[in-house]
Q: 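My structure is below; once you've seen it, I'll send some questions.
Note that the coordinates shown come from a computational prediction; the quantities given were computed from them, not determined experimentally.
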Amino acid sequence: MAYGKSIELFLVNGTADSLIIAELSNWNGKAIKLPRIEVPSCDRDDIVQAGVYFLFCKEDDGSDSVYIGEAENVKERLMQHLRDYQSEKEKYYWNTVVVFIGRDLNKALIRYLENRFVEIARNCKRYLVLTKNTYRNTVMKESQIAVMEEFIDNVKILINTLGYKVLEPLAQKDSASITVDDEILYITSGSVNATGKVTAEGFVVFAGATLNEKTSVKSLSAGMQKQRQKLFDSAKVENLITTEDILFSSSSAAADFILGYSVSGPKIWKTKDGRSLKEIEESDTKLLNSQVKCNEI
């Protein structure tokens with residue numbers, strides 16, 4: 001069962017574009033979000049502690065990338081990043097840093113955290129991870145690992161709240177609930193075989209989907225034709241099979257990509273027992289309306 005969380009956001013300078021402190025209730029850690037231009041002048045005591053940090057970048061093609069690091073003195077390490085860029089030792093340019101600190105963090109613990117965050121971010125595949133090497137064989141006690149895994153769970157909540165889904169997978173496939181958000185849906189037509197699900201962000205097509213090679217120029221919108229070709233040319237599709245989960249704005253956009261022609265996503269995406277997404281959504285709407293009426297009575 002999921003429980004509610006209380007998060008306190010403090011806009012230190014009175015604006016969301018400047019320094020932000022984010023804290024989760026009943027947790028001794030905190031997040032510090034800081035624009036690049038404010039790093040040199042930031043004189044807070046907590047930023048010189050041991051911690052892990054995320055440098056968020058925007059690539060020339062508009063895609064997102066992140067460098068994940070650790071340091072016993074985070075401020076000193078961030079200043080080194082700035083100097084390395086000025087001397088052209090670093091090629092990437094980051095705009096924002098999000099730092100996570102906590103009570104009693106030491107070198108072994110932050111190395112463990114860095115490695116786990118890099119691992120999680122790479123598996124989520126939302127951002128290009130720029131970190132090259134991490135310490136993968138940090139020796140820790142079982143109790144320390146348990147505490148750090150809880151730390152990781154809290155970081156996931158805070159960094160997502162701050163607007164960065166770097167540690168969040170596109171979709172969870174193993175939910176036990178039966179709402180539309182958790183129904184696994186299928187398209188099977190000829191050589192096409194795909195699975196996906198509705199999420200809070202749109203519709204995710206899972207890795208391993210077999211696609212139709214042909215594109216209907218008459219039926220498919222120009223935007224989808226361009227997006228389809230771009231995905232076909234990327235590493236996300238190999239031999240007409242998706243190699244990773246792909247997020248689309250809607251079930252119809254996902255179906256158009258898979259089939260190569262325009263269709264109604266709510267009608268064509270179906271569960272294993274044959275119920276369409278449209279039927280599921282209508283059923284959920286009816287249930288919600290009946291609940292509202294009962295409450296009014």
Side-chain angles (χ1 to χ4, degrees), residues 2 5 7 9 16-17 19-24 27 29-36 38-39 47 50-71 74 77-78 81 85 90-102 105 109-136 148-173 197 199-207 231 234-236 243-249:
K5 302 287 185 180
I7 297 174
L9 295 179
D17 296 327
L19 175 65
I20 297 177
I21 307 297
E23 296 181 274
L24 195 60
W27 184 47
K30 71 169 68 171
I32 305 167
K33 181 181 177 183
L34 192 64
R36 178 192 185 98
E38 293 184 18
V39 169
I47 205 173
V52 290
Y53 60 90
F54 296 73
L55 305 179
F56 290 101
C57 319
K58 184 70 72 173
E59 300 296 321
D60 292 338
D61 61 0
S63 61
D64 296 310
S65 59
V66 62
Y67 180 93
I68 302 172
E70 51 82 14
V74 176
R77 182 69 182 99
L78 294 178
H81 278 293
Y85 183 80
E90 280 184 1
K91 302 301 181 184
Y92 56 88
Y93 184 91
W94 51 276
N95 297 296
T96 304
V97 60
V98 180
V99 178
F100 289 91
I101 60 172
L105 287 182
L109 298 180
I110 58 179
R111 282 180 171 179
Y112 177 85
L113 290 172
E114 178 198 44
N115 181 67
R116 286 285 287 120
F117 286 136
V118 168
E119 182 182 73
I120 295 168
R122 284 175 176 161
N123 288 336
C124 290
K125 297 181 179 180
R126 288 181 180 262
Y127 286 68
L128 171 65
V129 179
L130 303 172
T131 310
K132 300 299 182 184
N133 301 306
T134 61
Y135 292 89
R136 299 182 180 181
M148 287 302 97
E149 287 299 318
E150 183 179 6
F151 190 99
I152 290 168
D153 287 341
N154 289 331
V155 167
K156 287 179 178 179
I157 294 171
L158 285 181
I159 204 165
N160 191 10
T161 301
L162 291 171
Y164 301 99
K165 296 181 178 292
V166 61
L167 303 177
E168 183 177 331
L170 290 175
Q172 299 286 353
K173 300 181 186 180
K197 67 174 291 187
T199 74
E201 297 175 83
F203 193 97
V204 172
V205 174
F206 294 138
L231 287 169
S234 73
K236 295 182 179 182
T243 59
E244 60 184 76
D245 297 351
I246 304 175
L247 175 66
F248 293 90
S249 60

Q: Are the ring centres of Tyr164 and Phe54 closer than 6.0 Å?
A: no
Q: Can you measure from CH2 (Trp27) to CG (Asp153) and round to the nearest 0.5 angstrom?
A: 10.0 Å
Q: Please list every donor-acceptor pair under 3.5 Å in which a side-chain atom of residues 124-131 meets a protein atom from a residue at least two apart or in another chain.
A:
unit_1 : atom_1 : unit_2 : atom_2 : d
Arg126 : NE     : Lys165 : O      : 3.4
Arg126 : NE     : Glu168 : O      : 2.6
Arg126 : NH1    : Glu201 : OE1    : 3.1
Arg126 : NH1    : Glu201 : OE2    : 3.4
Arg126 : NH2    : Pro169 : O      : 3.4
Arg126 : NH2    : Glu201 : OE2    : 2.6
Thr131 : OG1    : Ile68  : N      : 2.8
Thr131 : OG1    : Ile68  : O      : 2.8

Q: Looking at every heavy atom in both Ile101 and Gly51, which two are closest together, and how far apart are they?
A: CG2-CA, 4.4 Å
Q: Looking at CD1 of Ile110 and CE of Met148, how far apart are the two atoms once the value is rounded to the nearest 0.5 Å?
A: 10.5 Å
Q: Is Phe151 close to Leu109 at the side-chain level, that is, under 4.5 Å between some pair of heavy atoms?
A: no
Q: Distance check, rounded to the nearest 0.5 Å: Ile157 atom CD1 versus Leu167 atom CG?
A: 11.5 Å
Q: Taking atom NZ of Lys33 and atom CG of Asp17, what is their separation to the nearest 0.5 Å?
A: 8.0 Å
Q: Could you state the interatomic distance from CG (Asn115) to CG (Asn133), rounded to the nearest 0.5 Å?
A: 10.5 Å
Q: Any side-chain donor paired with an acceptor under 3.5 Å for Thr134 and Glu114?
A: no
Q: Is Asn160 reaching over with its side chain to a backbone N or O of Lys156, donor-acceptor style, under 3.5 angstrom?
A: no
Q: Identify the heavy atoms of Ile32 and Leu19 that sit nearest to each other, and give their distance.
A: CG2-CD1, 3.5 Å
Q: Minimum heavy-atom separation for Val74 and Ala50, please, with both atom names.
A: CG2-C, 4.3 Å
Q: Can you name the nearest heavy-atom pair linking Leu170 to Asp245, along with the distance?
A: CD1-O, 3.3 Å
Q: Can you establish whether the number of heavy atoms outside Arg122 located under 6.0 Å from its atom CZ is more than 12?
A: yes
Q: Does Tyr85 have Arg36 sitting over its ring (NZ/CZ under 6.0 Å from centre, angle to axis within 45°)?
A: yes
Q: Taking the basic N atoms (NZ, or NE/NH1/NH2) and the acidic carboxylate oxygens, is any pair closer than 4.0 Å for Glu149 and Arg116?
A: yes
Q: Quick one: closest heavy-atom pair of Leu162 and Ile20, and the distance?
A: CD2-CG2, 4.2 Å
Q: Rounded to the nearest 0.5 Å, how far does OG of Ser234 lie from CD of Glu244?
A: 7.5 Å
Q: May I ask you to decide if Lys58's main-chain N or O and Asp64's side chain share a donor-acceptor pair within less than 3.5 Å?
A: no
Q: What is the minimum heavy-atom distance between Ala171 and Thr199, and which atoms define it?
A: CB-CG2, 3.9 Å
Q: Classify the angle between the aromatic ring planes of Tyr53 and Tyr67 as parallel (below 30°), tilted (30 to 60°) or perpendicular (above 60°).
A: parallel
Q: So Ile47 and Leu34, do their side chains get closer than 4.5 Å, heavy atoms only?
A: yes
Q: Taking it one step at a time, do Leu158 and Phe100 satisfy side chain to side chain contact (heavy atoms under 4.5 Å, CB included)?
A: CA-CA 10 Å; Leu158 285 181; Phe100 289 91; 3.9 Å; yes
Q: Kindly determine whether Leu113 and Val155 satisfy side chain to side chain contact (heavy atoms under 4.5 Å, CB included), including the steps that lead there.
A: CA-CA 10 Å; Leu113 290 172; Val155 167; over 6 Å; no
